[in-house]
Amino acid sequence: SDLKNNYKNNILILILLLGQLSIIWMSLTYILCSKIILILSTGFFSYAIISDFFNQEFYLLLAIIPIISLIIEWKNSFGAFTAGEWKIFLILVFVFFILILSKKIGSGDLFYFIIFCGIYGVGISLHILLIACCTALIYIIFHNKNNIALPFLPFLFLGQWLTLITLLLL
C-alpha cells in the first residue's frame with residue numbers, strides 16, 4: 001500500500017512539474033513581468049503546491065520572494081495596473097483578508113493571488129481564481145464531504161493552467 005501511494009504521489013508530482021513547464025511556455029505572451037520572475041515564481045509555486053497538497057501548509061517564504069521580486073520590478077508588474085484594476089485588486093485582497101481572519105482560507109492563497117496579479121494583471125488573475133473556485137467546488141460536490149479542509153494551491157494551479165490554455169485557443 002505504501003509503495004502504491006508512493007507511486008501515485010510521484011506520478012502526481014511529475015504531472016505537476018510538466019504542467020508547470022507548460023505554464024511557463026504558455027505564459028510568455030501574457031506576462032507583465034520579466035521571464036526570470038515568471039520562472040522564479042513558477043518554481044516556488046511548484047514546491048508550495050506539493051507541500052500544500054500533502055501537508056496543507058507551506059513556507060510563506062515561497063510566496064514572499066516572488067512578491068518582493070515583483071515589487072522590485074514595479075513598473076512591469078503592479079505599476080502597470082489601471083485605476084480600475086487597482087480598485088478590483090484591493091477589494092479582492094480585502095475579501096481574502098476577511099476570509100483569512102475567519103480561518104476560511106490560508107494566507108498563502110492570498111499571496112499567490114497577489115503573485116498572479118503581478119505576473120498576469122488583474123483580469124487574467126480573476127479568471128484563474130474563478131476556475132480554481134469552480135474546480136474546488138466540483139471536487140467538494142463529488143466527494144460529498146462537509147467541512148473538509150482543502151489545499152487550495154492545487155486548484156489555483158489548475159485554474160492557471162486552464163486559463164492559459166483557453167487564452168491560447170482564443
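Predicted model only: the values in this text are computed from it and were never measured.
Note on Ile124: it clusters hydrophobically with Trp25, by side-chain heavy-atom contacts below 4.5 Å among ILVMFWY residues. Trp86 and Phe96 end up in the same hydrophobic cluster when Ile, Leu, Val, Met, Phe, Trp and Tyr side chains are linked at under 4.5 Å. One hydrophobic cluster, built from ILVMFWY side chains closer than 4.5 Å, cannot hold both Ile128 and Leu130; they sit in different ones. Both Ile37 and Ile39 belong to a single network of hydrophobic side chains, linked directly or stepwise wherever heavy atoms of I, L, V, M, F, W or Y lie under 4.5 Å apart. With hydrophobic clusters built from ILVMFWY side chains whose heavy atoms lie under 4.5 angstrom apart, Ile115 shares a cluster with Leu28.
Atom CG of residue Leu126 and atom CD of residue Glu85 lie 9.0 Å apart, to the nearest 0.5 angstrom. Between the CD1 atom of Ile138 and the SG atom of Cys133 there is a distance of 11.5 Å, given to the nearest 0.5 Å.
The shortest non-hydrogen separation linking Ala136 to Leu150 is O-CD1, 4.1 Å. When all heavy atoms of Ile100 and Gly106 are compared, the closest pair comes out as CG1-O, 3.8 Å. When every heavy atom of Phe152 is checked against every heavy atom of Asp109, the shortest pair comes out as CB-OD1, 3.5 Å. The two residues Leu70 and Cys33 have their closest heavy-atom pair at CD2-CB, 3.7 Å. Contact between Gly121 and Phe81 at its shortest, heavy atoms only, is CA-CE1, 4.2 Å.
Counting heavy-atom neighbours within 6.0 Å of Tyr30 OH, excluding the residue itself, gives a total above 12. Within 6.0 Å of CZ in Phe97 there are 12 or fewer heavy atoms belonging to other residues, nucleotides or ligands.
Checked against the 6.0 Å centroid criterion, the rings of Phe45 and Phe116 qualify as a close aromatic pair.
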>> Working note: Ile68 + Ile64, criterion side chain to side chain contact (heavy atoms under 4.5 Å, CB included); need CA distance, chi angles, decisive distance, verdict.
In response: CA-CA 6 Å; Ile68 291 170; Ile64 292 172; 3.6 Å; yes
> Going through the checks in order, is the side chain to side chain contact (heavy atoms under 4.5 Å, CB included) test met by Ser125 and Phe113?
Replying inline: CA-CA 7 Å; Ser125 299; Phe113 176 73; 4.0 Å; yes
Ignoring hydrogens and angles, write down the donor-acceptor pairs under 3.5 Å from the side chains of residues 157-170, residues two or more places apart or on other chains.
unit_1, atom_1, unit_2, atom_2, d
Gln160, NE2, Tyr120, OH, 2.9
Trp161, NE1, Ser22, OG, 2.8
Thr163, OG1, Gly159, O, 2.7
Thr166, OG1, Leu162, O, 2.7

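Residues Phe44 and Tyr112 meet the side-chain proximity criterion, which asks for heavy atoms closer than 4.5 Å. Looking only at side-chain heavy atoms (C-beta outward), Ile119 and Leu32 stay at 4.5 Å or farther from each other. Under the 4.5 Å side-chain criterion, counting only non-hydrogen atoms from C-beta, Phe78 is in contact with Ile71.
Pairs of residues two or more places apart, or lying in two chains, that qualify as side chain to side chain donor-acceptor pair (under 3.5 Å) and include a residue from residues 41-52 are Gln20-Ser46. Within the structure, side chain to side chain donor-acceptor pair (under 3.5 Å) contacts touching residues 63-81 (residues at least two apart or in different chains) are Ser34-Glu73.
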